[in-house]
Amino acid sequence: MSVFLSSLGFGIISAAVLAIATVGFTMQFAVTNVLNLAYGSVMINSAFVTYFLNIHGHLNAWVALIGGVATGSVASYLLNRFIYTPFQRRNLAPITIVIVALGVDLCGTFGLQAIVGGSYFSYRQSLGREWHFLGMYFSTLQLTIIAIALGVMLAVAWLLRYTRLGKAMRATSANPNLARNSGVRTQWVISTTWLISGALAGLAGTVFAMNTGVFEATSAQLYIVLLLAAMFLGGPGEPYGAMLGAATIGIATELSAAFINPQYKMVIAFLILLGMLTFRPYGLFGSERTA
Amino acid sequence: MASQVSAGYDGRAIVHGIDVEANPGRVVSIVGPNGSGKSTLLKSLVGVVPILGGAVSVGGTDITNLPPEKIATMGVGYVPQVDDVFPPLTVKENLEIGGYLLARHQVHERIGAVLEFFPRLKRMMTRKAGKLSGGERKMLAMGRVLMLSPSVLVLDEPTANLAPLVATQLLEEYIRGFADAGSTVLLVEQRAKAALRISDWTLVLGGGRVVLSGRPDDLADNPVFVESFLGGGAHL
């Protein structure tokens, strides 16, 4: 029982980090129609900017995180502006963009490794005191990450449901031509979506690195499997589904690590992804239109 | 409004040298067989398909090849034949997107005005547009464009897939009503007889060109037109 509860605790934290990342990832896909497989690369590069500001800039890790968030945001915007959009304008097959994204991911990850080397890094940051809840153990750092994730979920839900920008994002996602005919400047909406989802990638990358304690340039390379599994579980392009998908995948992978083998975490996520693609490709929240 | 317009995809014209003149308070209908270029013509007027030759203006302002979002700011409302609403958004959110260019307080005012025009929508404000019936959906699509009080309404087969009674109500009550209220209506319609009943002027397209045009009563006297579009019944 104690193993189950402590694994559940780990699962909740993993789910919190994954939820931040998946919401940004699925928002990007929904509004821009780009399956940005370089998302993990943006995450880890942002985490390293936070590291640089924390260690070499002597900033508190939470203050340095702002630099990581800004990096994710700007990098994603530039990625779209100078790489994805020119390819999209050529009306190539969707698989072309996926291959381009894969290339960007490899360049981003191994380019970073070429700069920082193969060493392990960690932030100068305290974990804080330990808290016990229902047999689960959390550090103050982990509780802060969970609180940030909940805050992000509420903020994204509020953005999409109650703001003019959020409604324009959903309209652009549903029918970009009709949105334009209604006066929505969809290019501006898409650029803003890249800035916001990129900021979430930067935030996710930094809290991912904080949570793992030590990280390297390739730490987020397989994270895309978790992102895809969480996104397809909730429904491609469905931010609310992404939150549920992230919670399920985060907890399922940590429980499987405890009861089966930690090496199989990604395999479990991949099996869930395959299962969803086979039986319900539009996910729990999506409709057949989104598949 | 449109002068010698040629338009198409990838640099290849599908419609050639078409003139359309429409004034406030009038319904101009465009009829013709499938593939005659009716929808392409409308799409070119609202910026969705590039214009390869000629010019389009609204109220004396040239709008040729302006992007759709810019044309929307000039008082041109467009209801496409399909994909005319945002299915995952609620009825209220669809109307709000229709009023995207308005200030927030104006949006609420305009929603009230649109609901007076389409009172049936009042009961379904929180329902997702994708869950509406064909007729309700078309009312919402019309309501969405009415949010900006457009001076020109461009409607592409608004009665497609609607039951005959609903289609007649839509054409005679609402669409004719828009024109009577002072809007210019440009209408592509498959139901030629019904379209002629509410029109002030009609263009007949064939092979991407205007093959006939005139007042509905005059067209109803044209044996070629009657044979091709009115199924042998000349009474409007």
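The model shown is predicted, which means the values in this text are computed figures rather than measured ones. In what follows, every chain begins at residue 1, and chains take the letters A, B, ... in the order their sequences are listed.
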Taking every heavy-atom pair that is under 4.5 Å apart, which of R144(B), R104(B), K70(B) has the most such pairs with chain A?
R144(B)

I need the contact set between residues 115-141 of chain B and chain A: heavy-atom distance under 4.5 Å, sorted by residue number.
none

Side chain from CB out, backbone as N, CA, C, O: work out which of these in V46(B) comes under 4.5 Å of a heavy atom of chain A, or both, or neither.
both

In terms of heavy-atom contacts, does CD of E21(B) have more than 12 from other residues, nucleotides or ligands at under 6.0 Å?
no

Please determine, among L178(A), N181(A), T186(A), the option with the most heavy-atom pairs under 4.5 Å with chain B.
L178(A)

Side chain / backbone / both / neither for V145(B) at chain A, heavy atoms under 4.5 Å:
neither

Chain A contact via I71(B) - side chain, backbone, both or neither, heavy atoms under 4.5 Å:
neither

Should we say atom OH of Y100(B) is surrounded by more than 12 heavy atoms from elsewhere, each under 6.0 Å from it?
yes

Separation of M231(A) CE from T26(A) OG1 (nearest 0.5 Å):
5.0 Å

Would you give the length of the straight line joining atom OG1 of T96(A) to atom OH of Y84(A), rounded to the nearest 0.5 angstrom?
13.0 Å

Chain A interface, residue from T73(B), V48(B), D84(B) that has the most non-hydrogen pairs under 4.5 Å
D84(B)

Hey, what do you get for OH (Y223(A)) to CG (D105(A)), rounding to the nearest 0.5 Å?
14.0 Å

Keeping S73(A) on the side-chain end and G198(A) on the backbone end, is there a donor-acceptor pair under 3.5 Å?
no

More than 12 heavy atoms of other residues, nucleotides or ligands under 6.0 Å from CZ of R176(B): is that the case?
yes

Nearest 0.5 Å, what's the CG-CD1 distance between L205(B) and I14(B)?
12.0 Å

For T163(A), all residues meeting side-chain hydrogen bond (donor to acceptor under 3.5 Å, both in side chains), sequence neighbours excluded:
none

